[in-house]
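A short worksheet on the structure shown next.
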Amino acid sequence: MTTDSYLHIVGPRPSFESIFMSLAFSLARRSTCRRLKVGCVIARSDFRKIEAIGYNGGAAGQENDCESDEPGKCGHLHAEENAIINGGVERSTAKVFFTTNFPCPMCCKRIVNFGGVTHVYYGGEYRDGSGITILERAKIEVVHYPLEHAP
C-alpha cells in the first residue's frame with residue numbers, strides 16, 4: 001500500500017485535541033441520561049497519556065434511569081465528576097479536560113480543585129455557562145472545540 005492510498009483511507013493526520021474530543025463524544029454514547037449525554041476525557045497536557053475517562057450516569061451498581069426529566073434533577077453523576085473520581089493523578093501533574101458540553105458550575109469547581117488543569121476543551125454549550133468565570137479565575141484556558149473539528 002502506498003502512502004497516498006493509506007492517506008486516502010485514514011485521512012490527514014488528526015490533532016491530539018481532535019482525537020481526545022472524538023473519544024469524549026464516543027464515551028457520551030455510554031451515558032444513560034435521557035436528556036443530555038456527556039463524555040469526558042482527562043489527558044496529560046503533553047497528550048502522551050489519558051489519565052481518566054467518564055460519562056454521566058447512575059452510581060456504580062445502582063439504578064441507571066433518570067430520577068426526573070427536569071434539567072439538573074436527573075440524579076446522575078456528571079461525566080466530569082466520574083472522570084475525576086476515576087483519575088488517580090497527582091494535583092501537580094499538568095492536565096487537560098475534553099468534555100462534550102461545557103461543564104456545569106459545580107463541575108468547574110471540581111475541575112479547579114482537581115489541580116493542575118491547564119485547559120478545558122468543550123464541544124457544545126451547557127444551559128448554564130457561568131462556570132467559565134470559575135475556570136478563568138483559576139487561570140484555566142477554556143477552548144470551544146465543536147464536534148466538526150473532531151475526526
Side-chain angles (χ1 to χ4, degrees), residues 11 13-151:
R13 186 176 190 204
S15 68
F16 284 113
E17 292 88 348
S18 67
I19 291 169
F20 292 142
M21 187 59 82
S22 291
L23 178 55
F25 276 96
S26 290
L27 288 164
R29 293 173 45 210
R30 289 199 45 84
S31 170
T32 55
C33 185
R34 292 189 300 257
R35 192 184 61 79
L36 181 63
K37 296 181 181 308
V38 180
C40 180
V41 174
I42 304 172
R44 294 224 179 164
S45 65
D46 65 1
F47 302 119
R48 294 187 177 269
K49 186 175 183 183
I50 293 175
E51 293 295 342
I53 60 170
Y55 50 88
N56 56 331
Q62 303 296 312
E63 183 64 41
N64 266 327
D65 196 24
C66 294
E67 295 170 9
S68 168
D69 288 330
E70 185 179 342
K73 297 192 179 193
C74 79
H76 284 157
L77 291 164
H78 291 193
E80 301 88 349
E81 284 179 297
N82 275 324
I84 289 170
I85 289 165
N86 293 330
V89 64
E90 295 291 324
R91 288 179 50 80
S92 59
T93 301
K95 299 172 276 302
V96 179
F97 271 70
F98 295 89
T99 184
T100 57
N101 292 79
F102 190 81
C104 75
M106 288 304 293
C107 283
C108 287
K109 292 176 184 179
R110 290 177 181 100
I111 289 168
V112 170
N113 280 358
F114 193 52
V117 178
T118 62
H119 294 76
V120 171
Y121 288 83
Y122 70 98
E125 300 296 336
Y126 183 65
R127 63 180 152 63
D128 180 355
S130 65
I132 194 164
T133 304
I134 296 164
L135 297 175
E136 288 175 343
R137 273 193 306 230
K139 308 282 190 270
I140 296 172
E141 188 173 336
V142 177
V143 181
H144 185 221
Y145 202 86
L147 181 59
E148 60 262 16
H149 292 299

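Side chains of Glu125 and His144 form a contact here, defined as non-hydrogen atoms less than 4.5 Å apart. No side-chain heavy atom of Ser45 sits under 4.5 Å from any side-chain heavy atom of His119. The side-chain heavy atoms of Cys74 and Glu67, taken from C-beta on, include no pair separated by under 4.5 Å.
Rounding to the nearest 0.5 Å gives a distance of 10.0 Å between CG of Leu135 and OG of Ser130. The distance from the CG atom of Asn56 to the SG atom of Cys33 is 5.0 Å, given to the nearest 0.5 Å.
Of the possible polar contacts, none joining the Ser31 side chain to the Tyr55 backbone as a donor-acceptor pair under 3.5 Å is found. Proximity of a side-chain donor or acceptor of Asn64 to a complementary backbone N or O of Thr32 within less than 3.5 Å is not detected. Judged purely by atom type and a 3.5 angstrom limit, Thr100 has no side-chain atom pairing as donor or acceptor with the backbone of Gly123. Of the possible donor and acceptor atoms, one in the side chain of Ser26 sits under 3.5 Å from a partner among the backbone N and O of Ser22.
Sorted by first and then second residue, the salt bridge (charged side-chain N to carboxylate O under 4.0 Å, His left out) pairs involving residues 20-36 (not counting sequence neighbours) are Arg34-Asp65, Arg34-Asp69. A side chain to side chain donor-acceptor pair (under 3.5 Å) check over residues 81-94, counting only residues at least two apart or in different chains, returns the pairs Glu81-Arg110. Pairs passing the salt bridge (charged side-chain N to carboxylate O under 4.0 Å, His left out) check and including a residue from residues 41-53, sequence neighbours excluded, read Arg44-Glu51.
Across all their heavy atoms, Ile84 and Ile111 have their closest contact at CD1-N, 4.0 Å. Considering all non-hydrogen atoms of both residues, Val38 and Asn101 come closest at CG2-OD1, 3.9 Å. Nearest approach of Cys40 to Phe97, heavy atoms of both residues: SG-CD2, 3.6 Å. Among all heavy-atom pairs drawn from Ala94 and Thr118, the shortest one is CB-CG2, 4.2 Å. Smallest separation of non-hydrogen atoms from Tyr126 and His78: OH-CE1, 4.5 Å. Nearest approach of Met21 to Phe98, heavy atoms of both residues: N-CD2, 4.1 Å.
Residues satisfying the side-chain contact (heavy atoms from CB on, under 4.5 Å) criterion with Glu70, sequence neighbours excluded, are Ser68, Lys73. Evaluation of the ring pair (Phe, Tyr, Trp, His ring centres under 6.0 Å) rule for Phe102 yields Tyr122 as partners, not counting sequence neighbours. Asp128 is linked by a salt bridge (charged side-chain N to carboxylate O under 4.0 Å, His left out) to nothing, counting only residues two or more places apart in sequence or in another chain.
Residue Phe47 qualifies as enclosed at atom CZ: its count of foreign heavy atoms under 6.0 Å is above 12.
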Do Ile50 and Ile42 pass the side chain to side chain contact (heavy atoms under 4.5 Å, CB included) test, and can you show the C-alpha distance, the side-chain angles, and the key distance before you say yes or no?
-> CA-CA 6 Å; Ile50 293 175; Ile42 304 172; over 6 Å; no
Do Glu80 and Thr99 pass the side-chain hydrogen bond (donor to acceptor under 3.5 Å, both in side chains) test, and can you show the C-alpha distance, the side-chain angles, and the key distance before you say yes or no?
-> CA-CA 8 Å; Glu80 301 88 349; Thr99 184; 3.1 Å; yes
Let me see the working for Val112 and Val117 under side chain to side chain contact (heavy atoms under 4.5 Å, CB included), right down to the final yes or no.
-> CA-CA 7 Å; Val112 170; Val117 178; over 6 Å; no
Side chain to side chain contact (heavy atoms under 4.5 Å, CB included) between Ser15 and Tyr145, worked out | CA-CA 12 Å; Ser15 68; Tyr145 202 86; 3.4 Å; yes
